[in-house]
Amino acid sequence: MAATADRQAALARLTAEIIGCRRCPRLVEWRERVAREKVARFRNETYWGRPVPGFGDPDARILIVGLAPAAHGGNRTGRVFTGDASGDFLFAAMYEVGLANQPTGRRPDDGLALHGAYIAAAVRCAPPGNKPLPSERDNCAPYLQSELALLEDVRVIVPLGAYGWEAALRAIAAVTGVDPRPRPTFGHGAEARVGRYVVVGSYHPSQQNTFTGRLTKPMFVSVLARARDLAAAEARAG
């Protein structure tokens with residue numbers, strides 16, 4: 001219990017650091033402009049308009065890594081993958097495999113809790129066109145590295161999309177010094193053991209993928225179930 005409390009306190013300090021970040025002028029300008037201008041369907045809401053920290057179980061054995069907050073999702077609500085279609089798809093699948101206590105997550109105060117899982121993003125501010133610059137990616141990288149280092153029980157990482165896959169491998173390299181060459185290739189359901197972690201890839205649950213059928217709910221549930229089972233096996237193995 002003491003270890004968990006210490007980890008929670010460290011994660012809280014990291015969260016405060018992330019929320020206060022203004023390292024990338026282009027991202028700061030964009031996220032704040034979106035928060036001011038809004039879209040018609042959310043015109044009466046107060047947008048978060050700041051960097052979005054990670055969220056989940058401090059004793060997580062699974063770390064899910066996305067790309068960046070959506071302009072009218074996480075950038076509006078202040079919680080990663082919350083308030084947009086990608087989050088709806090993600091949380092419903094997590095609930096189905098026992099990694100979440102409810103199938104929806106629309107607001108930070110909605111009671112959603114994750115079980116054995118933590119969600120973060122490679123980039124913490126909503127980027128224009130959903131495309132961060134390399135410099136912005138690099139400015140944000142220490143936050144994912146710090147989360148991975150603090151989440152000492154994590155043994156399985158689920159990157160969502162090729163961008164998340166590369167961010168996860170970079171974070172592992174920074175934390176453990178293990179940086180395999182050639183790099184393991186991303187693919188839906190691809191698995192790679194990198195040091196003490198097993199990396200399990202999934203297509204990103206963006207509307208571009210879910211609306212076209214490139215990523216179906218059974219496909220996504222299968223990856224999350226595999227991650228859950230691998231995490232359990234790693235725990236049994238000590």
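The backbone N or O of Pro205 sits less than 3.5 Å from a side-chain atom of Ser86, completing a donor-acceptor pair. Between the side chain of Asn101 and the backbone N or O of Gly111, at least one donor-acceptor pair lies under 3.5 Å. Side chain of Arg155 to main chain of Ala231: no donor-acceptor pair is present (N/O by atom type, distance under 3.5 Å, no hydrogens or angles). Of the possible polar contacts, one joining the Thr82 side chain to the Val80 backbone as a donor-acceptor pair under 3.5 Å is found. Here the side chain of Asn209 pairs a donor or acceptor atom with the backbone of His204 at under 3.5 angstrom. Distance alone, capped at 3.5 Å, places no donor-acceptor pair between the Gln102 side chain and the Phe91 backbone.
The heavy-atom pair separating Gly49 from Glu32 by the smallest distance is O-CG, 3.9 Å. Listed here is the closest heavy atom pair of Val178 and Gly195: CG1-N, 3.7 Å. Of all non-hydrogen atoms in Ala122 and Ala167, the two that sit nearest each other are CB-CB, 3.6 Å. Contact detail for Pro184 and Leu169: the closest heavy-atom pair is CD-CD1, 4.1 Å. Scanning all heavy atoms of the two residues, the minimum distance from Val200 to Val156 falls at CG2-CG1, 4.1 Å. Between Ala40 and Arg43 the shortest heavy-atom distance is O-NH1, 2.8 Å.
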Checking side-chain contact (heavy atoms from CB on, under 4.5 Å) for the pair Thr216/Met219: CA distance, chi angles, key distance, verdict?
CA-CA 5 Å; Thr216 65; Met219 289 170 63; 3.1 Å; yes
Show your working on side-chain contact (heavy atoms from CB on, under 4.5 Å) between Met94 and Ile119 and close with a plain yes or no.
CA-CA 11 Å; Met94 293 184 72; Ile119 304 174; 3.9 Å; yes
Under the criterion side-chain contact (heavy atoms from CB on, under 4.5 Å), I'd like the reasoning laid out for Ile157 against Val194: C-alpha separation, chi angles, the key distance, then a yes or no.
CA-CA 10 Å; Ile157 303 176; Val194 185; over 6 Å; no
Using salt bridge (Lys or Arg N to Asp or Glu O under 4.0 Å), reason through Arg76 and Asp84 one step at a time and then give a plain yes or no.
CA-CA 10 Å; Arg76 173 174 60 88; Asp84 60 28; over 6 Å; no
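We find the CZ-OG1 distance between Arg214 and Thr212 to be 7.5 Å, quoted to the nearest 0.5 Å. Here the CD1-SG distance, from Ile18 to Cys140, works out to 8.0 Å after rounding to the nearest 0.5 Å. If you take SG on Cys125 and CD on Glu29, they are separated by 12.0 Å, rounding to the nearest 0.5 Å. The CG atom of Leu160 lies 6.5 Å from the CG atom of Leu90; values are rounded to the nearest 0.5 Å. Here Glu152 contributes atom CD and Asp6 contributes atom CG; the two are 10.0 Å apart, rounded to the nearest 0.5 Å. Remark: Ile62 CD1 to Leu224 CG distance equals 7.5 Å, nearest 0.5 Å.
With respect to the salt-bridge test (charged N to carboxylate O, under 4.0 angstrom), the residues Arg50 and Glu17 do not qualify. Taking 4.0 Å as the cut-off between side-chain N and carboxylate O, Arg181 and Asp179 count as a salt-bridged pair. Contact check on Glu45 versus Lys38 returns no salt bridge, with no Lys/Arg side-chain nitrogen under 4.0 Å from an Asp/Glu carboxylate oxygen. Ion pair Asp110/Arg79 flagged as a salt bridge, since at least one NZ, NE, NH1 or NH2 atom sits closer than 4.0 Å to an Asp/Glu carboxylate oxygen. At a threshold of 4.0 Å, the pair Arg124-Glu136 does not count as salt-bridged, since none of the basic side-chain nitrogens sits closer than that to a carboxylate oxygen. Using a 4.0 Å cut-off between charged side-chain N and carboxylate O, Arg183 and Glu166 make a salt bridge.
Side-chain contact check for Pro103 versus Glu96: every heavy-atom pair is 4.5 Å or farther apart. Considering only heavy atoms from C-beta on, Val175 comes within 4.5 Å of Arg196 through its side chain.
In the displayed structure, Gln208 atom CD is contacted under 6.0 Å by at most 12 heavy atoms of other residues, nucleotides or ligands.
Tracing side-chain contacts under 4.5 Å through hydrophobic residues (I, L, V, M, F, W, Y), one never reaches Leu63 starting from Tyr163; they form parts of separate clusters.
Under the ring pair (Phe, Tyr, Trp, His ring centres under 6.0 Å) criterion, Phe186 pairs with Trp165, sequence neighbours left out. Considering only residues two or more places apart in sequence or on other chains, Phe89 meets the ring pair (Phe, Tyr, Trp, His ring centres under 6.0 Å) condition with Phe220. Annotation: ring pair (Phe, Tyr, Trp, His ring centres under 6.0 Å) contacts of Tyr203 (sequence neighbours excluded): His188.
Sorted by first and then second residue, the pairs that involve residues 23-63 and meet ring pair (Phe, Tyr, Trp, His ring centres under 6.0 Å), not counting sequence neighbours, are Tyr47-His72. Residue pairs meeting the salt bridge (Lys or Arg N to Asp or Glu O under 4.0 Å) criterion with at least one member in residues 53-71, sequence neighbours excluded, are Arg7-Asp59. Each ring pair (Phe, Tyr, Trp, His ring centres under 6.0 Å) pair with one or both residues in residues 110-159, not counting sequence neighbours, would appear here, but there are none.
Checking each of Asn139, Leu67, Asp138, Leu27 against Pro132 for a side-chain contact (heavy atoms from CB on, under 4.5 Å) leaves exactly one that passes, namely Leu67.
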